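Dropping the structure in here first, questions after.
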Amino acid sequence: MKLLLATAAAALMALSIGSALSADLAPLNSDTEKDRIDWSQVEAKFGPFPKLPDGTKAGAVSKTLTNEYWRSLGEGYKSLGDRVSVPVVYQAAQSEGDQLGQLTIAEGLVTQGYNVLLVSPQTDSNLQPIMEQAKAANVPVVNVNDAVIPQAEHYVGNVQRDNGLRVAKWFIKNRPNGGKVAIVEGQAGVYAAVQRTDGFKTTITEAGKFEVVASVPGNWDRQTSYDAATNILQQHPDLIGFYANNDGMALGIVEAVKAAGLQDKVAVFGTDGISDAYDASIRAGELTGTVDSFPVLTGEVALDTALRLVAGQKLPRVVATPQALITKDNADRYSGAGAAVRKALLEDAAAGN
């Protein structure tokens with residue numbers, strides 16, 4: 001009962017804060033916001049990394065550390081923080097469903113005197129109450145993937161809709177005869193899950209030869225996604241492919257496809273580019289591919305953005321980070337050391353990819 005009351009109170013607070021801030025800032029859609037810049041252009045437009053006030057320190061709160069993507073994002077924070085001598089404290093909720101716990105962590109970081117806060121919300125609303133608290137304390141907040149706080153003044157992340165769009169284009173090119181496909185979604189209502197799903201569904205449906213026979217929630221969970229895929233394959237044994245909103249779910253789907261003996265017939269794609277997707281699955285020929293959103297580099301770009309704000313720079317509302325469709329054919333190009341991957345992605349940006 002206490003938890004329900006606390007959650008309800010947080011929701012009411014989020015609504016009141018949203019109303020108070022809406023007069024100043026239009027609700028953010030990170031995919032379509034026009035006030036944006038690509039990560040590859042920040043230094044060219046705003047100059048080299050700026051001098052920071054003495055004692056600058058950054059706080060960051062993530063969804064959970066049980067998912068490799070969020071651990072890798074933290075590695076990016078630490079990597080840049082070490083290079084520029086800025087301490088970064090990185091904390092996360094116990095699970096992807098612990099919305100109140102994540103809010104409590106974020107509130108604590110503001111009260112502890114950090115100069116900037118980087119947040120990766122579990123939903124579009126659970127961290128909205130932190131916005132007014134941080135603003136009152138003169139602490140910039142950067143929303144870093146993948147849920148989107150409507151009143152966020154600054155967002156760093158990729159174009160979420162493009163994740164699904166890139167996978168749909170692979171099917172259109174590589175399965176020209178079309179067929180039945182299915183989607184396993186992330187957490188219901190979360191911006192990234194909605195956009196990734198829509199990008200895939202709309203693009204592949206418009207191609208005319210494909211039928212989306214199922215689009216079901218996997219809640220970012222591998223076992224839930226295994227069970228969902230098993231049911232879908234029983235109902236549609238002629239399915240030609242799955243798209244999952246993250247790699248953990250995709251790896252669960254791979255196991256279901258293998259258990260059904262359909263690995264030579266059913267293509268499976270995920271999103272995020274975690275190491276298990278590359279090493280244990282794509283190179284092994286089990287997972288067809290993933291849309292890598294390069295979490296380590298995203299962490300570096302996000303902290304760079306946050307610290308430029310601390311230094312007084314006026315950056316666009318959205319800093320867009322890179323992504324690439326990874327298959328067995330190009331996995332080696334994007335899986336090297338940090339500098340090699342950055343070089344490849346800068347080449348992609350220059351080529352408009």
Side-chain angles (χ1 to χ4, degrees), residues 37-44 67-80 83 144-146 156-176 192 196 199-200 203-204 241-251 253-254 263 267-304 319-353:
I37 189 171
D38 190 75
W39 71 282
S40 62
Q41 299 299 315
V42 170
E43 186 169 345
N67 183 322
E68 184 188 326
Y69 177 90
W70 302 110
R71 296 197 300 273
S72 298
L73 185 76
E75 290 174 18
Y77 291 154
K78 185 178 187 303
S79 174
L80 181 63
R83 293 204 300 271
V144 187
N145 267 343
D146 51 24
V156 175
N158 56 45
V159 177
Q160 299 293 349
R161 193 176 186 279
D162 279 1
N163 286 277
L165 182 148
R166 289 169 187 254
V167 176
K169 286 185 174 180
W170 183 94
F171 277 100
I172 293 166
K173 178 180 179 180
N174 292 277
R175 299 293 186 268
R196 292 171 188 177
F200 178 82
T203 304
I204 205 163
F242 283 96
Y243 169 55
N245 285 172
N246 81 355
D247 285 339
M249 296 192 300
L251 294 174
I253 295 168
V254 164
Q263 57 266 44
V268 182
F269 281 86
T271 303
D272 283 346
I274 65 173
S275 61
D276 279 353
Y278 272 88
D279 300 330
S281 208
I282 292 176
R283 288 191 174 94
E286 296 179 346
L287 181 65
T288 314
T290 182
V291 182
D292 195 340
S293 48
F294 305 100
V296 175
L297 178 60
T298 297
E300 293 176 349
V301 172
L303 184 59
D304 179 89
V319 177
T321 54
Q323 55 189 296
L325 181 69
I326 310 300
T327 65
K328 198 171 184 178
D329 294 336
N330 67 356
D332 289 342
R333 182 171 190 263
Y334 295 101
S335 58
V341 172
R342 180 181 283 267
K343 179 175 181 292
L345 292 170
L346 286 170
E347 291 172 354
D348 289 352
N353 296 331

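Just so it is clear, the structure is predicted and the values come from calculations on it, not from any experiment.
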Q) Which value, rounded to the nearest 0.5 Å, describes the distance between Thr298 atom OG1 and Gln323 atom CD? A)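 Rounded to the nearest 0.5 Å, the OG1-CD separation comes to 9.5 Å.
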**Q.** Min side-chain heavy-atom separation Pro322-Leu297 under 4.5 Å
**A.**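 Touching, per the 4.5 Å side-chain cut-off.
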Q) Where is the tightest heavy-atom contact between Gly299 and Leu73, given as atom of each residue plus distance? A)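 Closest approach of Gly299 to Leu73, heavy atoms only: N-CD1, 3.5 Å.
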Q.
Between Asn158 and Gln160, is the side-chain contact (heavy atoms from CB on, under 4.5 Å) condition met? List the steps.
A. CA-CA 6 Å; Asn158 56 45; Gln160 299 293 349; 3.4 Å; yes
Q: Using modelled atom types only, decide if a donor and an acceptor are shared between the side chain of Thr288 and the backbone of Val268 within a distance under 3.5 Å.
A: yes
Q) Distance from Thr271 atom OG1 to Leu325 atom CG, nearest 0.5 Å? A) 9.5 Å
Q | Spatial distance of atom CG (Asn245) from atom CG (Asn163) [nearest 0.5 Å] | A | 8.5 Å
Q: Evaluate the criterion side-chain contact (heavy atoms from CB on, under 4.5 Å) for residue pair Arg342 and Trp39; output intermediate values, then yes/no.
A: CA-CA 11 Å; Arg342 180 181 283 267; Trp39 71 282; 3.7 Å; yes
**Q.** Derivation and outcome, side-chain contact (heavy atoms from CB on, under 4.5 Å), residues Asn246 and Asn67
**A.** CA-CA 10 Å; Asn246 81 355; Asn67 183 322; 3.7 Å; yes
Q. Salt bridge between Arg71 and Glu75, side-chain N to carboxylate O under 4.0 Å?
A.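 Result for this pair is no, no salt bridge flagged.
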Q) Are any side-chain N or O atoms of Glu300 and backbone N or O atoms of Ser79, one a donor and one an acceptor, separated by less than 3.5 Å? A) no
Q.
Assess the residue pair Asp304 and Leu80 against the criterion (side-chain contact (heavy atoms from CB on, under 4.5 Å)); give the C-alpha distance rounded to whole Å, side-chain angles, the decisive distance to 0.1 Å, and a yes or no.
A. CA-CA 7 Å; Asp304 179 89; Leu80 181 63; 3.7 Å; yes
Q) What is the distance from atom CG of Asp162 to atom CZ of Arg196, rounded to the nearest 0.5 Å? A) 11.5 Å
Q) What is the minimum heavy-atom distance between Pro295 and Ser72, and which atoms define it? A)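 Scanning both residues completely, I find the closest heavy atoms to be CG-CB, 3.6 Å.
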Q. Do you see a donor-acceptor pair shorter than 3.5 Å between the side chains of Glu347 and Asn353?
A. no
Q: Over all heavy atoms of both residues, which pair between Ile282 and Gly289 is shortest? Give the atoms and the distance, please.
A: CD1-CA, 3.9 Å
(Q) If I compare all heavy atoms of Trp70 with all of Val144, which pair ends up nearest, and what's the gap? (A)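 Heavy atoms only, the tightest pair is CZ3-O, 4.3 Å.
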Q: Look up atom OH in Tyr243 and atom CZ in Arg166, then write down how far apart they are to the nearest 0.5 Å.
A: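 Rounded to the nearest 0.5 Å, the OH-CZ separation comes to 11.0 Å.
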Q: Would you indicate whether the side-chain heavy atoms of Phe242 and Val254 approach each other to under 4.5 Å?
A: no
(Q) On a heavy-atom basis, which atom in Arg175 and which in Ala267 lie closest, and how many Å separate them? (A)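 Smallest interatomic distance, heavy atoms only, reads NH2-CB, 4.2 Å.
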Q: Identify the heavy atoms of Ile274 and Asp247 that sit nearest to each other, and give their distance.
A: N-OD2, 3.0 Å
**Q.** Within residues 269-290 or reaching into it, pairs that qualify as ring pair (Phe, Tyr, Trp, His ring centres under 6.0 Å) - sequence neighbours excluded
**A.**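 Of all non-adjacent pairs touching residues 269-290, those that pass ring pair (Phe, Tyr, Trp, His ring centres under 6.0 Å) are Trp170-Phe269, Phe171-Phe269.
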Q. Using a distance-only test with no angle check, is there a side-chain donor-acceptor pair under 3.5 angstrom linking Asn145 and Tyr69?
A.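 The criterion, which ignores hydrogens and geometry beyond distance, is satisfied for Tyr69 and Asn145.
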Q) CG of Asp279 to OG of Ser335: how many Å apart, nearest 0.5 Å? A) 7.0 Å
Q.
Side chains of Asp276 and Leu287, heavy atoms from C-beta outward: is any pair under 4.5 Å?
A.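 Asp276 vs Leu287: side chains apart.
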Q | Phe294 and Val301, any side-chain heavy atoms less than 4.5 Å apart | A | no
